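Following: one structure in structure tokens, then a few remarks.
Note that this is a predicted model, so its numbers are computed, not measured. To find a chain, count down the sequence lines: A is the first, B the second, and so on, and within it residues start at 1.
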Number of protein chains: 2
Amino acid sequence: MGSRKTTPLNNPTLENLHCSIELKTEKLGMVPFFQDLKQPELDKVVEKFSANHFSEGDEIYYQEDPAHYLRVIVEGAVKLLRYTDEGKDVVLDILNPGSYFGSLKLLGSDVYTESAVAQSGCCILSIGLKDFKEVLQEYPAVSIALLESSSEKLRASQEQVKQLTTQSVEKRIANILLTLSGKFGEEKDGGTLLQLPFSRKDLADMAGTTTESASRVMSTFQKEGIIETGRQWVAIQDIERLRSVTKS
Amino acid sequence: MGSRKTTPLNNPTLENLHCSIELKTEKLGMVPFFQDLKQPELDKVVEKFSANHFSEGDEIYYQEDPAHYLRVIVEGAVKLLRYTDEGKDVVLDILNPGSYFGSLKLLGSDVYTESAVAQSGCCILSIGLKDFKEVLQEYPAVSIALLESSSEKLRASQEQVKQLTTQSVEKRIANILLTLSGKFGEEKDGGTLLQLPFSRKDLADMAGTTTESASRVMSTFQKEGIIETGRQWVAIQDIERLRSVTKS
DNA sequence: CGTATCATTGAATTAAATCAAGTCCAGTGG
DNA sequence: CCACTGGACTTGATTTAATTCAATGATACG
């Protein structure tokens, strides 16, 4: 029981330096919908992106702001969420490097339908929608690959709907931990550490529950030896048992 | 109270005749992502589609079947749903004419992630994914318009997530009735009639609740004079009051 | 150290699910 | 045309998962 509760995060405090033009080419090539581009084509596309650094907690954009950019994460994590009128936050997703977000409304103008917050310090590339439209027109393969990514996002959202309507809070939280460990987990002395700064409230807002309920579930998991957890961090000790929680 | 409970549906029993090649061109031109095509281009695209009729309750495809087609509704309504292991059905959407569904996985192969059932008799156009890929490569404008549609679907799914996590069953049902009346409603003696065959179970599966709860909410709405309802049909009498239910 | 923020835990409450009869209607077949 | 029947719908009583309310405990950070 006397488990370590101090944070095991090494808090990299990503500097602006890391968010440089050099990184851009390297990372953009890893984005799924640019993978088909040849190097010279990619170089031309990269020029249209600009890089920005955001610190933990920074708002990247706010829901209902006019949407002008498509963004790609080079480093760090971004939380997409909707603030509701009733004051509850709904976390739609937490994105890892290589993911895109922002707007794809290339025809006419639009507003963002969700807010984006830097979950950790991060480096983000942005491209104006007009420029991006030109890219799509020039390289149809990018459009097609992007359609796939877009379908995949829809699929993930529908999975979320399914879980919300059919599964208990405990199972939803187990699923979220599994998903996040896949995206952000790092192997560490026999377990998978989530380096994300990640509070009970974040977890609750992802699972569609309350911080108290999330806390109770996490306590149970910890007592059962499935996870180790403390303030803003989680380490999964027994991933198989966590998987078995989602079933049954 | 002695309200009519007999069905006001005129049960059109859409015949196969109606699902003809003539209709195809006319209707495909109305699909959002083909709207930019000129008539000769559209004609060429139309040729690649084939038309099929489905009767109410027919399964159009089943989740996890290999996905080979993209489909467009010409007439009728299609229910997209996921059957869960626990035996609960989750209705993701009910689509109206002009909507597309099926798969957009143009690279590599894939399986359907949801099932599709004809909610009413309907006429569906299908195009093989290889053919559709060629269309996209030839007409980049279609890709771009399709990306918009795809984003819109994601937005709708995220809205569903938001509602499931923050709103009561009563509000979710009110919202569903409003959405459906927008898609399928027909003006009829001072109210909006939903011609859809649409059971309490369908409603419950859309709202993520039980038939009993859905029935209770519908009874309340009826007692309050907001709707008229019977077996498989709903007429919205006081849309303003229904809207006010979703707020507050 | 002190303090703000995050996390936990317990008790009371509640929305909705479940369990259990019923009723009502549309279509059937005599 | 009417009685019959099965599926759709309703309603009530009970149970339960999760929220809400209310303290208290722990930890990172200045």
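As judged by a 4.0 angstrom heavy-atom cut-off over every strand, A/Ser219 is placed among residues touching the sugar-phosphate backbone only. Backbone-only engagement by B/Ser168 is indicated by non-hydrogen atom pairs under 4.0 Å involving sugar-phosphate atoms exclusively. As judged by a 4.0 angstrom heavy-atom cut-off over every strand, A/Thr209 is placed among residues touching the sugar-phosphate backbone only. Within 4.0 Å of A/Ser213, counting heavy atoms only, lies at least one base atom of the nucleic acid.
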Quiz item: Please walk me through it: do A/Glu114 and A/Tyr61 pass side-chain contact (heavy atoms from CB on, under 4.5 Å)?
Solution: CA-CA 8 Å; A/Glu114 78 284 322; A/Tyr61 57 77; 2.6 Å; yes
*asked:* Walk me through whether A/Leu81 and A/Asp205 qualify under side-chain contact (heavy atoms from CB on, under 4.5 Å).
replied: CA-CA 9 Å; A/Leu81 76 166; A/Asp205 291 344; 5.7 Å; no
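With rounding to whole Å, A/Asp205 atom CG is found 12 Å from D/dT19 atom P. Regarding A/Trp233, its CH2 atom lies at a distance of 10 Å from the P atom of D/dT27, rounded to whole Å. The CD-C1' distance, from A/Glu228 to C/dT8, rounds to 16 Å in whole Å. Straight-line distance from the CD atom of A/Glu56 to the C1' atom of C/dT5: 13 Å, rounded to whole Å. The CD-C1' distance, from A/Gln232 to D/dT27, rounds to 11 Å in whole Å. What separates CD of A/Glu212 from P of D/dG25 is a distance of 17 Å, to the nearest Å.
Taking 4.0 angstrom as the limit, A/Ser215 places none of its side-chain polar atoms (N or O) nearer than this to OP1 or OP2 of C/dA7. Here A/Arg231 does not reach the OP1 or OP2 of D/dA26: none of its side-chain N or O atoms lies under 4.0 Å away. Taking only side-chain nitrogens and oxygens, B/Thr210 comes nearer than 4.0 Å to OP1 or OP2 of C/dA17. Proximity of B/Arg200 to the phosphate of D/dT10: a side-chain N or O atom is located under 4.0 Å from OP1 or OP2.
Closest heavy-atom contact between A/Val234 and A/Leu177: CG1-CD2, 4.3 Å.
Note that B/Lys153 lies outside the cation-pi zone of B/Phe101, set by a 6.0 Å cut-off to the ring centre and a 45° limit from the axis.
Among B/Asp58, B/Asp202, B/Asp93, the single residue meeting the salt bridge (Lys or Arg N to Asp or Glu O under 4.0 Å) criterion with B/Lys79 is B/Asp202.
Not one N or O on the side chain of A/Thr210 forms a donor-acceptor pair closer than 3.5 Å with the backbone of A/Ala214.
Counted by atom type alone, A/Arg82 and B/Thr165 present zero donor-acceptor pairs between their side chains at under 3.5 Å.
Looking at residues 171-181 of chain B, you'll see that no heavy atom sits under 4.0 Å from any atom of DNA chain D.
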